[in-house]
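Below: the structure, in structure tokens.
First the proteins, then the strands, lettered A, B, ... as listed; each starts at 1.
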Amino acid sequence: MAKILRNYKNNQLRLSNVGEVVNLVGWTSKIRNLGGLIFIDLRDRFGITQIVCKPENKYYSVMSNIHNEYVLSIEGIVLERESKNANLPTGDVEVEVTKCAILSEAVQTPLIIADKTDALEDVRMKYRYLDLRRPVMQKNLILRHNITKATRKVLDSLDFIEIETPIFGKSTPEGARDYVVPSRIHPGKFYALPQSPQIYKQLLMVSGMERYYQIARCFRDEDLRADRQMEFTQIDLEMSFVDEDDVFEVIENMLKMILKDVMNLDLITPLPRLSFDESMEKYGNDKPDTRFGLELKNITNIANNMDFVVFKEAIQNGGIVKAINIKNGASKYSRKHIDEFTEQIKKFKAKGLAWFKYDNAGISGGISKFVDEKTFFELKKYLNIEENDLILIVADKKNIVNQSLAYLRNYFGRDMELIDENKYNFLWIVDWPSFEYNEEENRYVAAHHPFTMPKDEWKDKLLTDPGKCYSKCYDIVLNGYELGSGSIRIHEQSVQKDMFKAIGLTDEEAQEKFGFFLDAFKYGTPPHGGIALGLDRLAMLFTHSTSIRDVIAFPKTANAMCPMSEAPSYIDDYQLKELKIVFEKEKE
RNA sequence: GGUCUCGUGGUGUAGUGGUUAACAUGCCAGUCUGUCACACUGGAGAUCGCGGGUUCAAGUCCCGUCGAGACCGCCA
């Protein structure tokens with residue numbers, strides 16, 4: 001085949017090119033055949049150029065037999081259009097065909113190749129290669145590329161080096177479920193795919209690399225969600241000789257650069273910081289969307305003085321009472337709506353949703369008959385209750401109250417249109433508790449991971465008062481999503497020993513579980529810490545996608561399958577034999 | 001593991017237990033020389049996811065199953 005000529009992309013031609021002979025390639029995006037006059041929108045990754053062909057043209061019969069998605073190579077002359085299209089960068093010109101070669105024909109596509117396809121996601125997944133022809137999807141992947149490009153640029157300028165760590169590793173005893181790969185050479189043994197390069201990046205600090213980063217693929221065998229895939233990508237980094245503020249500064253600089261390069265937005269730094277406890281109190285979760293207010297208010301004290309048995313019981317059982325005030329919600333939401341909200345929060349095990357409305361006639365509905373004048377006076381002041389407000393109250397165990405109201409807060413943020421979609425509200429959640437108490441196992445477990453450095457003032461109190469310990473752990477949150485998580489790590493062996501003791505691990509058990517990792521720390525370990533940011537989530541939020549699947553070229557469905565390739569699949573018996581894997585026959 | 005929603009031409013939807021399953025878009029053909037969501041005319045295209053049941057009669061009701069999605073659990 002002759003060399004395919006192409007001297008312009010389909011977004012390039014302007015009035016200044018009029019008269020030039022140009023060579024274009026692309027897919028047939030749209031045909032408008034007016035009988036005596038054929039227009040073809042020729043699409044490539046960069047844009048669309050209108051091709052025109054008149055009846056006297058010797059390629060007229062060729063052109064009139066072209067169908068959608070045919071791949072064409074066009075030679076033509078750039079002309080000024082008689083009627084221009086202001087919606088298209090190339091809308092002032094068109095290319096009159098002088099030569100046309102059909103490089104490839106196409107049958108009818110199962111989905112329409114346009115930004116607004118009418119296909120649902122399973123069809124799009126099955127024909128992902130066609131879905132990815134849609135300009136909006138190409139834009140998403142290009143934006144993702146721009147994020148990694150900016151990331152590499154800024155981290156390189158800050159002396160970070162990109163180092164690849166193994167995909168085949170050793171199964172880690174804690175954390176998410178591992179994906180495992182059988183070893184043929186060592187029958188019965190398995191490699192584990194990394195949940196994150198955590199172990200390796202810390203070892204690289206022991207190695208003296210000082211500043212490492214990686215655009216790292218991570219694997220977790222847990223159920224999928226709109227914002228969670230079985231394999232996902234993290235911007236993973238680790239630094240030596242640093243404390244929390246140093247990590248924040250690097251990430252803030254990096255995000256500033258990414259936002260500028262990718263979105264042309266100026267990020268104001270330093271980013272706001274919120275303690276974990278404060279976040280739970282005000283927003284009910286550890287990843288607040290701060291683009292709107294609607295904060296949770298703790299009314300336990302006021303509720304305790306009310307003559308309402310539901311509140312009293314909840315408080316007596318160690319629970320709390322919190323409220324949100326939906327401004328102008330009284331007239332918008334009917335009793336039926338409120339019943340639906342109640343139904344929704346049952347998934348968090350909330351037993352009910354107390355509510356009342358306020359207007360100039362006073363309070364009404366829900367629990368209003370339990371709200372006496374004095375109580376209302378206090379609530380009105382504390383919750384800033386005004387005309388037409390709807391007050392929603394949950395009384396239960398602390399985490400049920402927080403989960404329920406955090407859910408409702410996000411719902412009303414959207415439903416009352418309180419969210420400015422053009423805002424990117426990054427913030428740090430800092431000062432995390434070191435431990436969570438696991439009631440099932442009756443012991444403390446590491447809230448982050450057992451290598452997280454406690455705050456200086458708690459370093460020597462891990463054993464005496466673990467429940468109150470805070471650690472040098474931080475999350476970065478964007479618009480209600482956990483974007484990244486990191487910590488300063490323990491580099492002192494005495495602190496590490498206390499940490500293991502606090503979570504009930506003996507020296508022998510710790511050695512057995514984390515052996516080579518702990519050994520490495522004996523040979524001179526710099527203070528170090530790091531963070532990992534979810535690239536998929538960042539790209540999802542920048543593109544205003546509703547799922548990370550829209551910024552991943554070939555994602556899996558919620559059921560961890562690929563409708564296109566039909567992975568996962570059974571393998572041949574000889575492969576199983578070679579791996580010495582035997583399945584037990586299913587018993588009925 | 002659990003809860004909920006959905007499954008009807010290529011695609012997206014409508015469809016009171018009762019005629020030939022409707023509409024939009026896409027596709028095919030025809031008319032048309034300035035369209036750009038071209039317009040107009042005509043046409044093809046559906047074993048209503050699959051299996052069973054109730055019924056004189058099932059796209060519609062029931063049970064099961066498979067598939068898709070959202071959420072809970074899970075994700076140190």
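At a threshold of 4.0 Å, the pair Arg124(A)-Asp550(A) counts as salt-bridged, since one of the basic side-chain nitrogens sits closer than that to a carboxylate oxygen. The pair Arg228(A)-Glu222(A) does not count as a salt bridge, with every side-chain nitrogen at least 4.0 angstrom from each carboxylate oxygen.
The pairing partner recorded for G67(B) is C6(B), the criterion being a Watson-Crick or G-U wobble arrangement whose two distances lie under 3.5 angstrom. Pair assignment for A22(B): U13(B), on the basis of Watson-Crick or G-U wobble contacts that are both within less than 3.5 Å. Nucleotide G73(B) has no partner under the Watson-Crick or G-U criteria, as no pair reaches both atom distances under 3.5 Å. When both distances must be under 3.5 Å, the Watson-Crick or G-U wobble mate of C61(B) is G53(B). When both distances must be under 3.5 Å, the Watson-Crick or G-U wobble mate of A37(B) does not exist.
Residue-to-nucleotide contacts include a donor-acceptor pair under 3.5 Å from the side chain of Asp223(A) to the base of G73(B). Interface remark: the Lys54(A) side chain does form a donor-acceptor pair with the G34(B) base, using a distance-only criterion of under 3.5 Å. Side-chain N/O atoms of Gln50(A) and base N/O atoms of U35(B) include a donor-acceptor pair closer than 3.5 Å.
Contact annotation for Arg228(A): base contact, defined as any heavy-atom pair under 4.0 Å involving a base atom. As judged by a 4.0 angstrom heavy-atom cut-off over every strand, Ser83(A) is placed among the base-contacting residues. Heavy atoms of Glu94(A) sit under 4.0 angstrom from at least one base atom. In this structure, Lys84(A) reaches the bases: a heavy-atom distance under 4.0 Å links it to at least one base atom across the strands shown. Across all strands, Asn559(A) comes closer than 4.0 Å only to sugar-phosphate atoms, never to a base (heavy-atom distances). Nucleic acid contact class of Arg124(A) (heavy atoms, under 4.0 Å, all strands): none. Contacts of Asn68(A) with the nucleic acid, taken as non-hydrogen atoms under 4.0 Å apart, involve only primed sugar atoms and P, OP1 or OP2. Met125(A) comes within contact range of no nucleotide atom at all, as no heavy-atom separation falls under 4.0 Å. Contacts of Leu34(A) with the nucleic acid, taken as non-hydrogen atoms under 4.0 Å apart, include base atoms. Counting any heavy atom pair closer than 4.0 Å across all strands shown, Ile38(A) reaches no nucleic acid atom. Among the protein residues, Ala114(A) comes within range of no part of the nucleic acid, since none of its heavy atoms lies under 4.0 Å from any strand.
In terms of phosphate contacts, Lys30(A) brings a side-chain nitrogen or oxygen within less than 4.0 Å of OP1 or OP2 of C38(B). Here Arg549(A) reaches the OP1 or OP2 of A70(B): one of its side-chain N or O atoms lies under 4.0 Å away. For the OP1/OP2 pair of G26(B) and a distance below 4.0 Å, the side-chain nitrogens and oxygens of His67(A) include no atom meeting the criterion. Phosphate proximity of C72(B) to Arg225(A): present, with a side-chain N or O under 4.0 Å from OP1 or OP2.
Between the CZ atom of Arg32(A) and the C1' atom of C36(B) there is a distance of 4 Å, rounded to whole Å. Rounded to an integer number of Å, the gap from NZ of Lys347(A) to P of U5(B) is 13 Å. Counting to the nearest Å, the P atom of G9(B) and the CD atom of Gln108(A) are 13 Å from each other. In this structure, CD of Glu343(A) is placed 18 Å from P of C71(B), rounded to the nearest angstrom. As rounded to whole Å, 10 Å separates atom P of C75(B) from atom CZ of Arg220(A). If you measure from atom CG of Leu120(A) to atom P of G10(B), you get 15 Å, rounded to the nearest angstrom. The nearest whole Å value for the distance from the CD atom in Glu69(A) to the C1' atom in G10(B) is 14 Å. Whole-Å rounding puts the Lys126(A) NZ to G49(B) P distance at 16 Å.
Distances were taken from every side-chain heavy atom of Thr557(A) (C-beta onward) to each of G26(B), G69(B), C75(B); the shortest belongs to G69(B). Among the nucleotides U25(B), G34(B), C74(B), the one closest to the side chain of Glu222(A) is C74(B). The Arg81(A) side chain lies nearest to U35(B) when the options are G10(B), C71(B), U35(B).
Remark: Cys100(A) SG to Leu24(A) CG distance equals 11.5 Å, nearest 0.5 Å. Atom CZ of residue Arg217(A) and atom OG1 of residue Thr233(A) lie 4.5 Å apart, to the nearest 0.5 angstrom.
Taking atom P in both G18(B) and C61(B), the straight-line distance is 11 Å, to the nearest Å. When the C1' atom is compared between C28(B) and G10(B), the two are found 13 Å apart, to the nearest whole Å. A gap of 24 Å separates the P atoms of U47(B) and C62(B), to the nearest Å. C56(B) and G45(B) have their P atoms separated by 35 Å, given to the nearest Å.
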Starting from the C-alpha separation in whole Å, work towards a yes-or-no answer on salt bridge (Lys or Arg N to Asp or Glu O under 4.0 Å) for Asp41(A) and Arg32(A).
CA-CA 9 Å; Asp41(A) 287 342; Arg32(A) 290 177 294 278; 3.0 Å; yes
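Side-chain contact, Asn17(A) with Tyr8(A): a donor N or O sits under 3.5 Å from an acceptor N or O.
Between Phe517(A) and Tyr200(A), the distance from one ring center to the other does not fall under 6.0 angstrom. Checked against a 6.0 Å centroid threshold, the rings of Tyr129(A) and Phe554(A) do not count as neighbours.
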